Amino acid sequence: MSAANLSSPPSGSSSTKSAASAAAEPRPSNFIRDAMIEDLKTKKYGDAVIQTRFPPEPNGYLHIGHAKAICLDFGLADEFGGKTNLRFDDTNPEKEEQEYVDSIMKDVHWLGFEWDDLCYASDYFGQLYEWAVKLIKDGKAYVDDLSAEEIRQHRGTLTEPGKQSPYRSRTPEENLDLFERMRKGEFPDGTRVLRAKIDMASPNLNMRDPVMYRILHADHHRTGSKWCIYPMYDYAHGQSDSIERVTHSMCTLEFEDHRPLYNWFVQNLGIFPSQQYEFDRLSLTYTLLSKRRLLKLVQENLVRGWDDPRMPTLSGIRRRGYTAEAVRNFCAAIGVSKTNGTLELAMLEHFVREDLNKRAPRVMAVLRPLKVVIDNYPDGQVEELDAVNNPEDETAGTRKVPFSKVLYIEQDDFREEPPKKYYRLSPGVEVRLRYAYFITAKSVVKNEQGEIVEVHCTYDPATRGGNAPDARKVKSTIHWVSAEHALDAEVRLYDKLFAKPDPNDVEEGQEFTANLDPNSLETIAHAKLEPSLADAPVESRYQFERLGYFCVDPDSKPGKPVFNRTVALKDAWAKIEKRG
RNA sequence: UGGGCCGUCGACUAAUGGUAGGUCAAGUGCCUUUGGAGCACUUUGUCUAGGUUCGAAUCCUAGCGGCCCAGCCA
């Protein structure tokens, strides 16, 4: 492969490894791709292919921020014919669980990626231990008896250098003995650590003799009780990369300060020189992407679980109805850089609409029913009218929709006193019922509270199907459902989980939970759906015409489907109305 | 205030010393049996000040602003 070819990647990938690669489009340049092109050109790693890895810690569910990392790790490697491992960074047994491992694998697959090797940092515990022994023998690591608190005090501050531990000058023999006994479980948690001997005066705090191993008498989800000492991230991550011969190790910006340490271990161990590259973490308005905070929402039952459709987790947005392709397109479009910024949620929603617009069958559903009686329509008559399934996709075909004398329309679609620019049904106004007839509102029936409970209309039999033989026009088309044939359904309308663009923007003393939007979920118990939806399978997606995209929730029961609103359609009228 | 990183339309991101472009958002119009979709058009940007250069978003200097780092978390 020549450098010239590399500089303009093909628009489609020849690899069939990932579903995601099939839809690949020309991507804008970014600094990591540039580095790969350069490294291939200069044969930095000889003839080795690009090797990346996606390294989640199994201590929570993956979210949309991880999707960006996944698309980068897998996408970039795939683009250059390279490989990507899924590696669980499981060095902290106290926080990690098999449930998270399972969910992560499921989510990566759902996104459309297939890893080459499935790896665990815990698979390397033995090798890591041997390397620690080597560093001790080389006089580059020592066992420290200081307490956590004392270590902290010795570390110094941002502006003052640290002080050396009194245990820093132990001999390799003594360190070897102590480290061995740490491993054997002779010491309680927290009594000793193994530290790298680097520089207590470094302006980079990560280089001030960082802890490599701590004692933790805890069962590990994979290694059980085999170990009671566990490596720290900094001592495990780079070496794991090295073992897997990762060429380009991508991580987020906050690890920039760790790179010198990453390189220190590589150099002093003399192992495969993986190179770390840091990119900007994804931030989205009205969204929290912190595992700690998402965990809190779950644990305190502020949401229904990790897969609550309001959660930014991949399981949440999947349940909400987002498609993997939409998420991938989004990730490709937002690019990657070293700038810390916040993307507008609207950007994500755009890609969801764009994808669903192409694939979601159209269907009619009335969320807030208002009864309409067609006075001049024959009692008891039912017509089966033709409706097209997807105007964006001719192959989607047509279906029959029953029409009768009594219908439901949306309450929003009738106004007794229409405001300016309101084109929908109102007294004396003629509109089109989609795929049916032109109707004209004649009168209303109100209850004791003065609310409109029924609208009486007449229809023009000559407009069957929705066209007038005299070519007269109507200003609007509204959707409807035949009352007698309607399917009763629960519909869950989701909105942003948080009321503020920055959920962390709180008053003194308040927590981010104060910004939770109490209206983020509105449940409609009895929406009226066209009968074709009776057997819609879980996770199937539809466009409810003029309303938005909806998908079938797993809570659905036979005869009583539950639909989630994925995202509303863009609403020009709402905009006009809001402006006044 | 020590160190690291970063400043381009409202948001995100290109331009790799040579025309500041794309996407989202916003607005206008066209079209429409979804006030959807689509199409067309429009508005708005190189943090500041110096310097180098025929030419600077890009290189240099100095400011200013933002983010990250003092876990035996990752």
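Below, chain A is the first sequence line, B the second, and so on; all start at residue 1. Model, not experiment: these values are computed from the prediction.
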Self-check item: Proximal nucleotide (of B:G35, B:U13, B:C12) relative to the A:Ser337 side chain
Solution: B:U13

Exercise. Identify which nucleotide among B:U34, B:A74, B:C12 has an atom closest to any side-chain atom of A:Leu343, counting heavy atoms from C-beta outward.
Key: B:C12

Practice problem: Considering just the side-chain nitrogens and oxygens of A:Arg214, establish if one lies under 4.0 Å of OP1 or OP2 belonging to B:A74. | Solution: yes

Quiz item: Using a cut-off of less than 4.0 Å, is there contact between a side-chain N or O of A:Arg292 and OP1 or OP2 of B:A74?
Solution: no

Quiz item: Going by an N to O cut-off under 4.0 Å, is there a salt bridge joining A:Glu79 and A:Arg33?
Solution: yes

Exercise. Give none if B:U1 has no partner; otherwise give the nucleotide forming a Watson-Crick or G-U wobble pair with it, both distances under 3.5 Å.
Key: none

Quiz item: When only distance counts, do a donor and an acceptor, one from the side chain of A:Arg424 and one from the base of B:G35, lie under 3.5 Å apart?
Solution: yes

Practice problem: Would you mind telling me which of B:G35, B:C69, B:A25 lies closest to the side-chain atoms of A:Ala346? | Solution: B:A25

Quiz item: In whole Å, what is the span from the CG atom of A:Asp234 to the C1' atom of B:C72?
Solution: 12 Å

Self-check item: Donor-acceptor contact present, side-chain A:Arg195 to main-chain A:Asp209, <3.5 Å
Solution: yes

Quiz prompt | B:U43 to B:U52 separation - P atoms, rounded to the nearest Å | solution = 35 Å

Exercise. May I ask you to evaluate whether A:Arg281 reaches the phosphate of B:C12, defined as a side-chain N or O under 4.0 Å from OP1 or OP2?
Key: no

Exercise. May I ask you to verify if any side-chain N or O of A:Lys570 is less than 4.0 angstrom from the OP1 or OP2 atom of B:A37?
Key: yes

Practice problem: Hunt down the Watson-Crick or G-U wobble partner of B:U8, both distances under 3.5 Å, from any strand shown, or write none. | Solution: none

Quiz item: Hey, would you say the A:Tyr423 and A:Trp573 ring centroids sit under 6.0 Å apart?
Solution: no

Quiz item: Closest to the A:Glu57 side chain: B:U34, B:G35, B:C73?
Solution: B:C73

Practice problem: Before giving the answer on side-chain contact (heavy atoms from CB on, under 4.5 Å), spell out for A:Ser532 and A:Val363 the whole-Å C-alpha distance, their side-chain angles and the decisive distance to 0.1 Å. | Solution: CA-CA 8 Å; A:Ser532 71; A:Val363 101; 3.9 Å; yes

Practice problem: For A:Glu160 and for A:Ile215, find the nucleotide of RNA chain B with the closest heavy atom, then tell me which residue's nucleotide is more 5'. | Solution: A:Glu160

Self-check item: hbond_proxy A:Glu149 side chain to B:G71 base (donor-acceptor, 3.5 Å cutoff)
Solution: no

Quiz item: If we take the C1' atom in both B:U46 and B:C73, what is their distance in whole Å?
Solution: 39 Å

Exercise. Could you tell me the separation between the CG atom of A:Asn340 and the C1' atom of B:A11, rounded to a whole number of Å?
Key: 14 Å

Quiz item: What form does the base of B:G71 take, syn (within 90° of 0) or anti?
Solution: syn

Quiz prompt | Base B:G36 to side chain A:Gln543, donor-acceptor N/O within 3.5 Å cut-off | solution = no

Quiz item: Please give, in whole Å, the distance from B:U23 C1' to A:Leu345 CG?
Solution: 16 Å

Quiz prompt | Distance between P atoms of B:U16 and B:U1 (Å, rounded) | solution = 35 Å

Self-check item: Euclidean distance for C1', B:U8 against B:U58 (whole angstrom)
Solution: 11 Å

Exercise. Examine B:C68: is either OP1 or OP2 under 4.0 Å from a nitrogen or oxygen in the side chain of A:Lys338? Give yes or no.
Key: no

Quiz item: Are A:Thr159 and B:G3 close enough that a side-chain N or O sits under 4.0 Å from OP1 or OP2?
Solution: no

Self-check item: Test ring pair (Phe, Tyr, Trp, His ring centres under 6.0 Å) applied to A:Tyr213 and A:Phe179, A:Tyr230, A:Phe187, the passing residue
Solution: A:Phe179

Quiz item: If each of A:Arg464 and A:Leu569 is mapped to the nucleotide of RNA chain B with the nearest heavy atom, which maps nearer the 5' terminus, i.e. the 5' end?
Solution: A:Arg464

Quiz item: If we take the C1' atom in both B:U44 and B:A37, what is their distance in whole Å?
Solution: 27 Å

Quiz item: OP1 or OP2 of B:G27 less than 4.0 angstrom from a side-chain nitrogen or oxygen of A:Arg579, does that happen here?
Solution: yes

Quiz item: Which is true for A:Lys421 with a 4.0 Å heavy-atom rule: it touches a base, it touches only sugar-phosphate, or it touches nothing?
Solution: base

Quiz item: So which nucleotide does B:A70 pair with, by the Watson-Crick or G-U wobble rule with both distances under 3.5 Å?
Solution: none

Exercise. Figure out the CG/P separation between A:Asn467 and B:U32, and round it to whole Å.
Key: 12 Å

Quiz item: If we take the C1' atom in both B:G38 and B:C31, what is their distance in whole Å?
Solution: 8 Å

Quiz item: Hey, does A:Tyr213 reach any base, or is it just sugar-phosphate, or nothing, if we go heavy atoms under 4.0 Å?
Solution: nothing

Quiz item: Between B:C12, B:G2, B:U34, which nucleotide gets closest to the side-chain atoms of A:Pro203?
Solution: B:G2

Quiz prompt | Audit row: A:Leu76, A:Met250, side-chain contact (heavy atoms from CB on, under 4.5 Å) steps and yes/no | solution = CA-CA 11 Å; A:Leu76 240 25; A:Met250 279 93 90; 3.9 Å; yes

Self-check item: Whole-Å P distance, B:G18 and B:A57
Solution: 10 Å

Quiz item: Would the number of heavy atoms belonging to other residues, nucleotides or ligands and lying under 6.0 Å from CZ of A:Arg281 be above 12?
Solution: no

Quiz item: Can you tell me if the side-chain N/O atoms of A:Arg155 get under 4.0 Å from OP1 or OP2 in B:C69?
Solution: no

Quiz item: Is the shortest side-chain N/O distance from A:Lys291 to OP1 or OP2 of B:C73 below 4.0 Å?
Solution: no

Quiz item: When you check the phosphate oxygens OP1 and OP2 of B:G35, does a side-chain N or O of A:Arg546 lie under 4.0 Å from one of them?
Solution: yes

Self-check item: Nearest-angstrom distance from the residue atom OH of A:Tyr423 to C1' of B:U32
Solution: 13 Å

Exercise. Would you kindly give the CD-to-C1' distance between A:Glu545 and B:U32, to the nearest whole Å?
Key: 13 Å

Quiz prompt | Nearest-nucleotide pick for A:His350, side chain only, options being B:A14, B:C73, B:A25 | solution = B:A25

Self-check item: Nearest-nucleotide pick for A:Asp257, side chain only, options being B:G71, B:U23, B:C68
Solution: B:C68

Quiz item: Among B:G3, B:G35, B:U34, which nucleotide sits nearest the side chain of A:Tyr422?
Solution: B:G35

Exercise. Scan A:Val336 against the nucleic acid and name what it touches under 4.0 Å (heavy atoms): base, sugar-phosphate only, or nothing.
Key: sugar-phosphate

Self-check item: Atom-to-atom span, OH of A:Tyr167 to P of B:C72 - whole angstrom
Solution: 17 Å

Quiz item: B:G38 pairs with which nucleotide, Watson-Crick or G-U wobble, both distances below 3.5 Å?
Solution: B:C30

Quiz item: Taking the six-membered ring of A:Phe414 as reference, does the NZ or CZ atom of A:Arg424 fall below 6.0 Å from its centre and within a 45° cone about the axis?
Solution: no

Quiz item: Does the base of B:U16 carry an N or O that pairs as donor and acceptor with the side chain of A:Ser29 under 3.5 Å?
Solution: yes

Quiz item: With under 30° as parallel and over 60° as perpendicular, where do the rings of A:Phe265 and A:Tyr235 fit, or are they tilted in between?
Solution: perpendicular

Quiz item: Do the ring planes of A:Phe498 and A:Phe512 sit parallel (below 30°), tilted (30 to 60°) or perpendicular (above 60°)?
Solution: tilted

Quiz item: Nearest of B:A25, B:G7, B:U23 to any side-chain atom of A:Thr339?
Solution: B:G7

Quiz prompt | d(CD1, A:Ile576; C1', B:G35) in whole Å | solution = 7 Å

Self-check item: Selection from B:U34, B:C72, B:C73 that lies nearest to any side-chain heavy atom of A:Val211
Solution: B:C72

Quiz item: Using atom C1' of each nucleotide, how far apart are B:C24 and B:U19 to the nearest Å?
Solution: 25 Å

